[in-house]
Undergrad: 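If you scroll down you'll find the structure; I have some questions about it.
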Amino acid sequence: MPLFHGASVEIKSKVPTAQLPRIFMAMLVYFLIPVIAMLLAIHAVSEPAGWSNTRPWRQAQFLLTVIYSITNVAHTVADIRIPDSRRDQVVLMLVLTLVGLLLNLDTWLWWQA
C-alpha cells in the first residue's frame, strides 16, 4: 500500500513504454485462461453428461494445471533468486505454487474418474 505511506507507486523498468500494452495483454490472457478453465469445470459439474465432462476435456484441464504449476515454480525460483526480492512476493508465490500442486492432484483424480 505505497499510497498510504506517501511512497511512489511507479515501478522503474527498462521495458520501453511502447511494449507495455503487449505485456499487459499477455498478462491478461495468462490470467483469463485459468478463469475459462474454471468455468468449463463448473459446467462439467453442473452437466455431468455434457461435453465439458468428457475424458479429453478433463485431460486438458490436468495438462493446463501442470503447465501453470511449472510456470509458478519458475516464477517462484526467479523471485527467490532476485537479491532484493520482497518477502511477501516470495511467500505469495510459494502459496500459489502449493495451491497449483493441489490442483494438479485434484485434476488428476478427476481425469482418472
Undergrad: What are the two closest heavy atoms between Ile80 and Ser85, and how far apart are they?
TA: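 Smallest interatomic distance, heavy atoms only, reads O-OG, 4.4 Å.
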Undergrad: Kindly give the cluster partners of Phe24, where membership spreads through any ILVMFWY side chain lying under 4.5 Å from a current member.
TA: Val15, Leu20, Ile23, Met27
Undergrad: Less than 4.5 Å apart, any side-chain heavy atom of Trp110 and any of Phe62?
TA: no
Undergrad: Please tabulate, one pair per line, all N/O donor-acceptor pairs under 3.5 Å involving side-chain atoms of residues 91-107, not counting sequence neighbours.
TA:
{"unit_1": "Thr97", "atom_1": "OG1", "unit_2": "Thr76", "atom_2": "OG1", "d": "3.0"}
{"unit_1": "Thr97", "atom_1": "OG1", "unit_2": "Met93", "atom_2": "O", "d": "2.7"}
{"unit_1": "Asn104", "atom_1": "OD1", "unit_2": "Thr65", "atom_2": "OG1", "d": "2.9"}
{"unit_1": "Asn104", "atom_1": "OD1", "unit_2": "Val66", "atom_2": "N", "d": "3.4"}
{"unit_1": "Asn104", "atom_1": "OD1", "unit_2": "Ser69", "atom_2": "OG", "d": "3.3"}
{"unit_1": "Asn104", "atom_1": "ND2", "unit_2": "Ser69", "atom_2": "OG", "d": "3.0"}
{"unit_1": "Thr107", "atom_1": "OG1", "unit_2": "Thr65", "atom_2": "OG1", "d": "3.1"}
{"unit_1": "Thr107", "atom_1": "OG1", "unit_2": "Leu103", "atom_2": "O", "d": "2.9"}
{"unit_1": "Thr107", "atom_1": "OG1", "unit_2": "Asn104", "atom_2": "O", "d": "3.2"}

Undergrad: For Tyr68 versus Tyr30, what's the shortest heavy-atom pair and its separation?
TA: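 Looking at all heavy atoms of both residues, the closest pair is OH-O, 2.7 Å.
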Undergrad: Using modelled atom types only, decide if a donor and an acceptor are shared between the side chain of Gln61 and the backbone of Ala37 within a distance under 3.5 Å.
TA: yes
Undergrad: Evaluate the criterion side-chain contact (heavy atoms from CB on, under 4.5 Å) for residue pair Gln112 and Arg55; output intermediate values, then yes/no.
TA: CA-CA 8 Å; Gln112 301 305 311; Arg55 197 159 173 78; 3.9 Å; yes
Undergrad: If you count the non-hydrogen atoms of other residues, nucleotides and ligands that lie under 6.0 Å from CH2 in Trp111, is the total more than 12?
TA: yes
Undergrad: CE of Met25 to CG of Leu32: how many Å apart, nearest 0.5 Å?
TA: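 It is 9.5 Å, given to the nearest 0.5 Å.
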Undergrad: Nearest 0.5 Å, please: how far is CD1 in Ile36 from NE2 in His43?
TA: 14.5 Å
Undergrad: Counting C-beta onward and ignoring hydrogens, is there a side-chain heavy-atom pair between Leu40 and Trp51 closer than 4.5 Å?
TA: yes
Undergrad: Can a donor-acceptor pair be found, under 3.5 Å and without considering hydrogens, that links the side chain of Arg58 to the backbone of Trp108?
TA: no
